[in-house]
Trainee: 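My structure is below; once you've seen it, I'll send some questions.
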Amino acid sequence: MDEARWYVVHTFSGYENKVATNLEKIVENRHLQDWIHEVRVPTETVVEVKDNQRKEVERKVFPGYVLVKMVMSDDSWFVVRNVRGCTGFVGPNGKPVPLTEQEVEALGVEKKEILINYAVGDTVQIVDGPLENFSGVVEEIDMERNMVRVKISMFGRETSAELELEQAELME
């Protein structure tokens, strides 16, 4: 079976949640979980001030669009395309084009789980970037920002450097 990719589906404005809900029901009822993995309506929480009242409101990031993680086939395409409120896939002439890894990352659709084998106080080898082949001691790990702060001895001086988590590896 092919790998599931993210596709963008165009909907009638205001029907995003309805399309997502209906598609999820169809997937469940017809046992299509192997083909259609996930359905998302990207939203963000914003603070609106109305009549001097601050209120947190959830707003759609892309009104009129729903993201679907699916294995593309004639059958899965047909199911998604025929959900009430769906007007088609985004792509040239309605031909579905999957989102690239960079687009998926930029949209924040999927959180990449990075497993690291080091902790604060461990000595690590830097394996990528301008400080490649240097080693240092881990001072701080920030999983939210995907960053690690490493203290490196450079030219007889201690220097802190901020790296992405996967740029450092535990020294054996």
Side-chain angles (χ1 to χ4, degrees), residues 1-48 54-120 122 124 127-129 138 140-148 162-170 172:
M1 192 185 302
D2 295 334
E3 192 179 321
R5 307 272 305 268
W6 284 99
Y7 293 87
V8 180
V9 177
H10 194 267
T11 68
F12 293 133
S13 190
Y15 277 74
E16 304 87 355
N17 293 340
K18 194 104 182 105
V19 168
T21 306
N22 288 345
L23 185 54
E24 285 167 348
K25 278 184 189 152
I26 291 168
V27 167
E28 197 175 308
N29 293 342
R30 297 190 193 169
H31 307 291
L32 300 172
Q33 291 87 346
D34 291 347
W35 294 100
I36 300 171
H37 296 227
E38 209 174 326
V39 181
R40 288 247 184 98
V41 178
T43 57
E44 62 185 352
T45 305
V46 292
V47 176
E48 284 185 356
R54 292 175 61 86
K55 197 165 101 180
E56 280 195 1
V57 179
E58 200 157 303
R59 192 167 48 189
K60 292 176 185 73
V61 181
F62 307 111
Y65 296 96
V66 174
L67 301 176
V68 181
K69 186 175 189 175
M70 60 188 280
V71 176
M72 187 53 72
S73 70
D74 289 346
D75 294 335
S76 62
W77 176 90
F78 186 81
V79 167
V80 173
R81 182 65 190 83
N82 287 295
V83 170
R84 179 189 252 121
C86 173
T87 58
F89 283 90
V90 172
N93 303 325
K95 187 160 171 33
V97 176
L99 295 173
T100 63
E101 292 287 324
Q102 291 84 356
E103 289 168 330
V104 170
E105 215 168 282
L107 293 173
V109 177
E110 274 184 356
K111 288 278 184 229
K112 258 193 355 199
E113 193 67 26
I114 297 170
L115 299 174
I116 52 174
N117 60 351
Y118 53 83
V120 174
D122 287 347
V124 292
V127 294
D128 188 29
V138 177
E140 179 187 350
I141 298 173
D142 187 343
M143 294 302 274
E144 285 291 303
R145 290 180 45 235
N146 188 30
M147 300 300 262
V148 58
E162 210 171 54
L163 310 165
E164 289 184 17
L165 293 173
E166 58 268 9
Q167 287 182 300
E169 281 181 5
L170 185 65
E172 301 296 319

Trainee: Tell me if the aromatic rings of H10 and Y65 count as close, with their centers under 6.0 Å from one another.
Mentor: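 Yes.
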Trainee: So for atom CG, which belongs to D74, do other residues, nucleotides or ligands contribute more than 12 heavy atoms lying within a distance under 6.0 Å?
Mentor: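 Not more than 12 within 6.0 Å, no.
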Trainee: Would you say V39 and K69 make side-chain contact, with heavy atoms under 4.5 Å?
Mentor: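 With C-beta onward as the side chain, the pair stays apart.
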Trainee: Considering all heavy atoms of both residues, which atom of V127 and which atom of A168 are nearest to each other, and what is their separation?
Mentor: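 What the structure gives for the nearest pair is CG2-N, 4.2 Å.
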Trainee: Distance from L165 atom CG to M147 atom CE, nearest 0.5 Å?
Mentor: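 Here the rounded value is 8.5 Å.
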Trainee: Is it true that a side-chain atom of D122 and a backbone atom of Y118 form a donor plus acceptor pair closer than 3.5 Å?
Mentor: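 No, D122 side chain to Y118 backbone: no donor-acceptor pair under 3.5 Å.
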Trainee: Which heavy-atom pair separates C86 from V9 by the least distance, and what is that distance?
Mentor: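 It is SG-CG1, 3.2 Å.
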Trainee: Any salt bridge (Lys or Arg N to Asp or Glu O under 4.0 Å) pairs touching residues 13-25, not counting sequence neighbours?
Mentor: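 For residues 13-25, and leaving out neighbouring residues, the salt bridge (Lys or Arg N to Asp or Glu O under 4.0 Å) pairs sorted by first residue read E16-K60.
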Trainee: Nearest 0.5 Å, what's the CG-NE2 distance between N29 and H31?
Mentor: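 Those atoms lie 7.5 Å apart.
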Trainee: Taking C-beta and beyond as the side chain, do T11 and T87 meet within less than 4.5 Å on heavy atoms?
Mentor: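 The answer is no, as the side chains (C-beta and beyond) never meet within the 4.5 Å cut-off.
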Trainee: Could you tell me which non-hydrogen atom of E140 sits nearest to which non-hydrogen atom of V120, and how far apart they are?
Mentor: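 Minimum heavy-atom contact is CA-CG2, 4.2 Å.
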Trainee: Heavy atoms, side chains only, cut-off 4.5 Å: are V79 and I26 in contact?
Mentor: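 Result yes, sub-4.5 Å side-chain heavy-atom pair found.
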Trainee: Which residues pass the ring-ring contact (aromatic ring centres under 6.0 Å, His included) test with F12, not counting sequence neighbours?
Mentor: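 By the ring-ring contact (aromatic ring centres under 6.0 Å, His included) rule, F12 matches Y15.
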Trainee: Can V27 and W35 be said to form a side-chain contact (heavy atoms from CB on, under 4.5 Å), step by step?
Mentor: CA-CA 9 Å; V27 167; W35 294 100; over 6 Å; no
Trainee: Quick one: which of V66, D75, L23, V19 gives a side-chain contact (heavy atoms from CB on, under 4.5 Å) with V80?
Mentor: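 Among the candidates, only L23 passes.
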Trainee: Classify the ring geometry of Y7 against F89: parallel below 30°, tilted from 30° to 60°, perpendicular beyond 60°.
Mentor: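 Rings of Y7 and F89: perpendicular, over 60°.
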Trainee: Any heavy-atom pair between the side chains of W6 and E103 that's under 4.5 Å?
Mentor: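 The answer is no, as the side chains (C-beta and beyond) never meet within the 4.5 Å cut-off.
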Trainee: For Q33, does the CD atom have more than 12 heavy-atom neighbours from other residues, nucleotides or ligands under 6.0 Å away?
Mentor: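 Above 12, so yes.
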Trainee: Hey, are the side chains of D34 and V71 touching, using non-hydrogen atoms and a 4.5 Å cut-off?
Mentor: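 No, their side chains stay 4.5 Å or more apart.
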Trainee: Does the side chain of S76 come within less than 4.5 Å of L32's, by heavy atoms?
Mentor: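 No. Closest side-chain heavy atoms not under 4.5 Å.
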Trainee: Please examine the side chains of D142 and V148, heavy atoms only from C-beta on, and report whether any two atoms are closer than 4.5 Å.
Mentor: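 The answer is no, as the side chains (C-beta and beyond) never meet within the 4.5 Å cut-off.
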Trainee: For a 4.5 angstrom cut-off between non-hydrogen side-chain atoms, does R5 reach M72?
Mentor: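 The answer is no; the side chains never approach within 4.5 Å.
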Trainee: Write down the atom of V138, the atom of A119, and the distance for their closest heavy-atom approach.
Mentor: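 Nearest pair, atom of V138 first, then A119: CB-O, 3.5 Å.
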Trainee: Quick one: pull up CG in N93 and NZ in K95 and give me the separation to the nearest 0.5 Å.
Mentor: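 One finds 10.0 Å between CG of N93 and NZ of K95.
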Trainee: Working to the nearest 0.5 Å, report the span between CZ of R59 and OG1 of T43.
Mentor: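 With rounding to 0.5 Å, CZ (R59) is 11.0 Å from OG1 (T43).
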